[in-house]
> 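Can you keep this structure in mind? I'll have questions shortly.
Atoms within each ligand, like the ligands themselves, are counted from 1 in listed order. All values reported here derive from a predicted model rather than from experimental measurement.
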Amino acid sequence: MATNRTFTMIKPDAFSAGNSGAILKMIEEAGFKIIAMKATQLTPATAGKFYEVHKERPFYADLCAYMSSGPIIAAILEKENAVEDFRKLIGATNPADAAEGTIRKIFAKSIEANAVHGSDSDENAAIEGNFYFSQIERIG
Ligand code: ATP
Ligand code: MG
């Protein structure tokens with residue numbers, strides 16, 4: 001079921017560099033509406049659960065350590081075709097491959113510390129949004 005919603009995190013590298021405001025500005029200017037948002041910090045265990053799908057990948061342990069290393073911003077975003085359009089706005093996983101003008105091209109430090117997360121499907125957007133936000137914490 002297409003929901004027109006996606007889920008994002010501003011990752012620890014971008015948050016600690018003070019880039020959250022600039023990234024949120026790009027997100028809003030691209031037409032995404034904020035449905036829920038909070039600043040928080042993952043524990044290694046919650047990061048492990050969020051990225052469980054990657055648990056067999058060689059970078060999993062490093063990724064969980066990195067994602068729990070400092071504060072993040074989590075948000076649910078709404079726009080027509082949200083998942084696909086947001087992946088376009090953030091650019092490729094590796095900033096070296098990301099298109100000019102994308103969030104990762106501008107703000108990411110490395111393939112791991114790549115500034116933002118974006119859901120890869122409507123199904124995962126719903127799962128990830130529910131991971132962070134209860135119904136009362138979101139608009140509609
Ligand atoms: P995200 O899910 O965070 O939006 P993505 O969908 O572009 O990113 P995934 O393949 O889902 O990429 O990987 C999840 C995250 O794991 C990446 O965003 C990055 O932080 C990290 N990662 C991916 N590949 C590597 C790698 N080869 N080395 C180190 N870290 C990696
Ligand atoms: Mg992914």
> Mind checking whether Phe32 and Ile76 have side chains closer than 4.5 Å, heavy atoms only?
no
> With heavy atoms only and a cut-off of under 4.0 Å, state how Leu63 meets ligand 1: side chain, backbone, both or neither.
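Within the 4.0 Å criterion, Leu63 contacts ligand 1 through side-chain atoms alone.
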> Using ring centroids (six-membered ring only for Trp), state whether Phe131 and Phe50 fall under 6.0 Å.
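Close enough - the centres of the two rings lie under 6.0 Å apart.
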> Answer yes or no: does atom NZ of Lys33 have more than 12 heavy-atom neighbours from other residues, nucleotides or ligands under 6.0 Å?
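For Lys33, atom NZ is not crowded (no more than 12 foreign heavy atoms under 6.0 Å).
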> Which part of Asn114 is near ligand 1, with near meaning a heavy atom under 4.0 Å away: side chain, backbone, both or neither?
side chain
> Could you see which bit of His54 sits under 4.0 Å from ligand 1, with heavy atoms only: side chain, backbone, both or neither?
side chain
> Atom 12 (O) of ligand 1: which protein heavy atom is closest, and how many Å away?
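Of every protein heavy atom, Thr93 OG1, 3.4 Å lies nearest to atom 12 (O) of ligand 1.
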> Can you find a pair of side-chain heavy atoms, one from Lys38 and one from Phe133, that are under 4.5 Å apart?
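Side-chain contact under 4.5 Å: yes.
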> Return yes if some donor-acceptor pair links the side-chain N/O of Arg5 with the main-chain N/O of Ala82 below 3.5 Å, else return no.
no
> Less than 6.0 angstrom separating the ring centers of Phe7 and Tyr132, yes or no?
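Close enough - the centres of the two rings lie under 6.0 Å apart.
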> In the protein, what heavy atom is nearest to atom 8 (O) of ligand 1, and what distance, to one decimal place, separates them?
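The protein heavy atom lying closest is Arg104 NH2, 3.2 Å.
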> Taking only non-hydrogen atoms of Lys11, do any sit less than 4.0 angstrom from ligand 1?
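Contact check Lys11 vs ligand 1: positive.
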> Ligand 1 versus Tyr66, non-hydrogen atoms closer than 4.0 Å: side chain, backbone, both, neither?
neither
> Under 4.0 Å, heavy-atom basis, I'd like to know which part of Met67 is in contact with ligand 1: side chain, backbone, both or neither.
neither
> Would you check whether Gly118 has a nitrogen or oxygen atom less than 3.5 angstrom from a nitrogen or oxygen atom of ligand 1?
yes
> Please work out whether any backbone atom (N, CA, C, O) or any side-chain heavy atom from C-beta onward of Glu128 is under 4.0 Å from ligand 1, and answer side chain, backbone, both or neither.
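For Glu128, no heavy atom sits under 4.0 Å from ligand 1.
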> Around atom 23 (C) of ligand 1, find the nearest protein heavy atom and jot down its residue, atom name and distance.
Phe59 CZ, 3.4 Å
> Could you tell me which non-hydrogen atom of Thr6 sits nearest to which non-hydrogen atom of Ser119, and how far apart they are?
OG1-CB, 3.5 Å
> Does Ala98 offer a backbone N or O that forms a donor-acceptor pair with the side chain of Thr102 under 3.5 Å?
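No.
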> Can you list the ligand 1 atoms lying under 4.0 Å from a non-hydrogen atom of Tyr51?
3 (O), 14 (C)
